[in-house]
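What follows is a set of notes on a single structure, which appears directly below.
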Amino acid sequence: FVSKKVFKTEKLRAMAGQNELNIKPTEFQLDKGRINVGTRIIFDRWKIDSVDLTLDTINNKYVSLDIGFPYVNVNGAMGIDLDLSFSSDLIKVSGSILGDNSDVSFVTSSLQASLFSDEYFEVNKSEKKESSMNALVDLDIIAGQRVQILFNPLLRGVVVPGTRLKFYMDTKTGDFSLKGDVSLRGGEIVWLNR
């Protein structure tokens, strides 16, 4: 969910008791960067009920990440301060991402189908399947150097450094918002294959 790279540490201390396992924020090596990771896992008998994670890059250094959300993927070198929570029916993500030499890609086909399917196509609500896994995302995304936004295949834009974007999504209610003044300093717009 966060990175395809392996997190490594020399020593990991975990405290277990009752129905939970806790790991205080511990410094991990991730590619060439370092990141603090803490976790709390709650068990329901022998199965995992929920997992809470905190991820925080050290000394404002960047680490190589590839974070995938429904409709949005962010990959590249990033400084992060994230709280993640996983349960059987909900993924919650909040915090901030500072991207440098990164791509923010919007999966336009899935997003369009989700946002407009009820308005433009007749859908019988009883036939429409509800997703068993919902996502709640509340992120501040800050652009550093060489950050581009991709609305494939329509737009590729290089963002002005220092640009802030507030991203909110709740798949259960269908709420989706992007707030901010995104200034582009280059890129392409494709319209009718031009």
Side-chain angles (χ1 to χ4, degrees), residues 1-105 107 110 114 129-144 164-179:
F1 179 76
V2 174
S3 177
K4 292 179 173 67
K5 309 275 185 189
V6 176
F7 287 71
K8 297 178 184 176
T9 188
E10 291 179 20
K11 190 181 285 189
L12 182 69
R13 293 181 184 226
M15 193 163 43
Q18 298 294 334
N19 65 334
E20 65 183 70
L21 174 81
N22 287 298
I23 300 171
K24 290 186 178 181
T26 303
E27 190 173 310
F28 281 82
Q29 181 77 33
L30 179 61
D31 203 16
K32 296 177 183 174
R34 302 192 77 67
I35 186 169
N36 278 325
V37 180
T39 188
R40 179 177 179 227
I41 302 172
I42 306 290
F43 293 93
D44 179 12
R45 295 188 182 109
W46 288 106
K47 71 176 189 171
I48 294 176
D49 186 55
S50 65
V51 177
D52 296 321
L53 285 168
T54 58
L55 300 165
D56 185 20
T57 49
I58 298 170
N59 297 329
N60 297 324
K61 300 283 182 176
Y62 297 114
V63 291
S64 179
L65 298 175
D66 188 353
I67 305 173
F69 304 108
Y71 316 126
V72 180
N73 186 55
V74 182
N75 66 26
M78 290 174 245
I80 61 170
D81 182 7
L82 294 176
D83 293 319
L84 294 95
S85 180
F86 303 92
S87 64
S88 61
D89 61 346
L90 180 66
I91 298 172
K92 286 172 49 175
V93 181
S94 63
S96 63
I97 296 174
L98 172 60
D100 201 57
N101 196 19
S102 302
D103 294 338
V104 179
S105 304
V107 185
S110 299
S114 175
K129 292 183 180 178
E130 290 293 322
S131 173
S132 61
M133 180 63 76
N134 292 303
L136 179 61
V137 180
D138 186 9
L139 285 177
D140 291 315
I141 301 171
I142 305 151
R164 293 177 170 267
L165 184 65
K166 180 79 170 168
F167 172 59
Y168 177 82
M169 179 180 61
D170 186 346
T171 58
K172 186 173 185 175
T173 62
D175 292 339
F176 180 88
S177 72
L178 290 169
K179 292 182 182 176

Checklist entry - Do Ser85 and Asp52 have a side chain donor and acceptor closer than 3.5 Å? => result yes
Checklist entry - Who are the side chain to side chain donor-acceptor pair (under 3.5 Å) partners of Arg34, not counting sequence neighbours? => result Glu27, Gln29
Checklist entry - Applying salt bridge (Lys or Arg N to Asp or Glu O under 4.0 Å), which residue pairs with at least one partner in residues 79-103 are found, sequence neighbours left out? => result none
Next on the checklist: In the structure I gave you, are the side-chain heavy atoms of Phe43 and Leu21 within less than 4.5 Å of one another anywhere?
Outcome noted: yes
Checklist outcome for this item: To the nearest 0.5 Å, atom CZ of Arg40 lies from atom OG1 of Thr54 at 12.0 Å
Checklist entry - Side chains of Phe167 and Val137: does their closest heavy-atom pair fall under 4.5 Å? => result yes
Item to check | Side-chain touch Asn19/Ile42, heavy atoms, less than 4.5 angstrom | outcome: yes
Checklist entry - In chain order, what residues pass the side-chain contact (heavy atoms from CB on, under 4.5 Å) check against Asn59, with sequence neighbours excluded? => result Lys61
Next on the checklist: Could you check whether any side-chain heavy atom of Asn22 comes within less than 4.5 Å of a side-chain heavy atom of Glu20, counting everything from C-beta outward?
Outcome noted: yes
Checklist entry - Run the side chain to side chain contact (heavy atoms under 4.5 Å, CB included) check on Tyr168 and Leu136 step by step: do they pass? => result CA-CA 8 Å; Tyr168 177 82; Leu136 179 61; 3.4 Å; yes
Item to check | side chain to side chain donor-acceptor pair (under 3.5 Å) between Asp66 and Asn73, worked out | outcome: CA-CA 7 Å; Asp66 188 353; Asn73 186 55; 3.3 Å; yes
Checklist entry - Hey, does the side chain of Thr173 reach the backbone of Thr171 with a donor-acceptor pair shorter than 3.5 angstrom? => result no
Item to check | Close side-chain approach of Leu84 to Ile91, heavy-atom, < 4.5 Å | outcome: no
Checklist entry - Could you go step by step and tell me if Ile142 and Ile97 meet the side chain to side chain contact (heavy atoms under 4.5 Å, CB included) rule? => result CA-CA 6 Å; Ile142 305 151; Ile97 296 174; over 6 Å; no
Item to check | Leu65/Asn75 under side chain to side chain contact (heavy atoms under 4.5 Å, CB included): CA gap, chis, key distance, verdict | outcome: CA-CA 6 Å; Leu65 298 175; Asn75 66 26; over 6 Å; no
Next on the checklist: With a 4.5 Å cut-off on side-chain heavy atoms, are Phe28 and Leu12 touching?
Outcome noted: yes
Next on the checklist: The criterion is side-chain contact (heavy atoms from CB on, under 4.5 Å); which residues satisfy it with Ser64, sequence neighbours excluded?
Outcome noted: Lys5, Asp31
Next on the checklist: How close do Val37 and Leu55 get, counting heavy atoms only, and between which atoms?
Outcome noted: CG2-CD2, 3.5 Å
Item to check | CG-OG distance between Asp44 and Ser87, expressed to the nearest 0.5 angstrom | outcome: 12.0 Å
Checklist entry - Where do Phe86 and Ile48 land on the side chain to side chain contact (heavy atoms under 4.5 Å, CB included) test, with the steps shown first? => result CA-CA 10 Å; Phe86 303 92; Ile48 294 176; over 6 Å; no
Item to check | Results of salt bridge (Lys or Arg N to Asp or Glu O under 4.0 Å) for Arg164 - residues two or more places apart only | outcome: none
Checklist outcome for this item: By salt bridge (Lys or Arg N to Asp or Glu O under 4.0 Å), Lys166 pairs with (sequence neighbours left out) Asp138, Asp140
Checklist entry - Is the closest side-chain heavy-atom distance between Tyr62 and Thr57 below 4.5 Å? => result no
Checklist entry - Side-chain contact, heavy-atom cut-off 4.5 Å: Leu98 with Ile80? => result no
Checklist outcome for this item: Between the NZ atom in Lys47 and the OG atom in Ser88, the distance rounded to the nearest 0.5 Å is 6.5 Å
Next on the checklist: Restricting to non-hydrogen atoms, name the atom on Leu30 and the atom on Val6 that form the minimum distance, rounded to 0.1 Å.
Outcome noted: CD1-O, 3.7 Å
Item to check | Closest approach of Gly99 to Met78 (non-hydrogen atoms, all atoms of both residues) | outcome: CA-CG, 4.0 Å
